[in-house]
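Comments concern the structure below.
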Amino acid sequence: MTLTFPNLSRSYDARRDLVRFWGYDSALEVAFFVETSALCKLRPETGKLEAAYLDAFDAAREQILAVAHKVYSQARHGPFLLAEADF
């Protein structure tokens with residue numbers, strides 16, 4: 001099956017300092033997390049607030065989803081953490 005991202009939802013997890021989002025492989029929901037340090041790497045002007053992290057995610061969505069596809073194709077066991085080094 002093919003990994004898709006029809007749901008534009010994403011949320012900030014302050015406890016873990018991550019932004020989480022979801023993809024789907026057929027009917028299977030797949031959880032992804034991206035480190036805020038990765039968002040700051042993609043968008044150096046990103047502030048250290050929830051809204052800034054979510055805005056950075058939205059601005060870099062295509063890059064993030066491309067990395068998510070790559071990571072998912074290598075393992076298919078989640079949840080998946082997208083780290084700064086992945087970008």
Side-chain angles (χ1 to χ4, degrees):
M1 289 287 135
T2 303
L3 182 65
T4 61
F5 295 93
N7 184 350
L8 298 179
S9 296
R10 75 285 183 272
S11 63
Y12 176 63
D13 182 335
R15 186 177 60 80
R16 296 177 61 198
D17 198 31
L18 304 165
V19 172
R20 65 177 63 198
F21 63 103
W22 300 265
Y24 297 87
D25 186 345
S26 188
L28 178 67
E29 184 176 76
V30 183
F32 290 89
F33 302 92
V34 60
E35 294 179 339
T36 57
S37 61
L39 296 172
C40 292
K41 179 179 181 179
L42 293 169
R43 300 282 183 216
E45 68 279 4
T46 301
K48 302 292 183 196
L49 300 172
E50 176 179 352
Y53 293 134
L54 296 176
D55 287 345
F57 181 94
D58 292 341
R61 183 179 295 272
E62 293 304 316
Q63 289 173 279
I64 293 167
L65 298 185
V67 171
H69 274 283
K70 180 181 174 185
V71 169
Y72 182 75
S73 70
Q74 294 171 350
R76 293 193 186 243
H77 299 334
F80 298 92
L81 176 64
L82 308 182
E84 185 177 352
D86 293 319
F87 293 90

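Position 1 is the first residue of the sequence, and the numbers go up from there.
Closest heavy-atom contact between L3 and A68: CD2-O, 4.1 Å. In plain terms, the two heavy atoms of L42 and A60 that are nearest each other are CD1-CB, 3.8 Å. When all heavy atoms of A31 and W22 are compared, the closest pair comes out as CA-CD1, 4.1 Å. Counting all heavy atoms, side chain and backbone alike, V71 lies closest to L82 at CG2-CD2, 3.8 Å.
Separation of atoms CD (E50) and CG (D55) is listed at 10.5 Å; rounding is to 0.5 Å. Expressed to the nearest 0.5 Å, how far CG of L65 lies from OH of Y72 amounts to 14.5 Å. In this structure, R43 CZ and Q63 CD are separated by 6.0 Å, a value rounded to the nearest 0.5 Å. Rounding to the nearest 0.5 Å places CG of D13 at 12.5 Å from OH of Y53. Separating the CD atom in E84 from the SG atom in C40 is a distance of 8.5 Å, to the nearest 0.5 Å.
Under the rule for a ring-ring contact (aromatic ring centres under 6.0 Å, His included), the partners of F32 that lie at least two apart in sequence or sit in another chain are F5, F21, F80. Not counting sequence neighbours, P44 has no partner by the side-chain contact (heavy atoms from CB on, under 4.5 Å) test.
Here salt bridge (charged side-chain N to carboxylate O under 4.0 Å, His left out) pairs that include residues 56-65, with residues two or more places apart or in two chains, are R10-D58, D58-R61.
Side chains of L81 and D86 form no contact here, defined as non-hydrogen atoms less than 4.5 Å apart. Contact annotation: the side chain of Y12 never approaches that of L18 to less than 4.5 Å [non-hydrogen atoms, C-beta and beyond].
Placement of I64 and F33 in two distinct hydrophobic clusters is found when ILVMFWY residues are connected by side-chain heavy-atom separations under 4.5 Å, directly or transitively.
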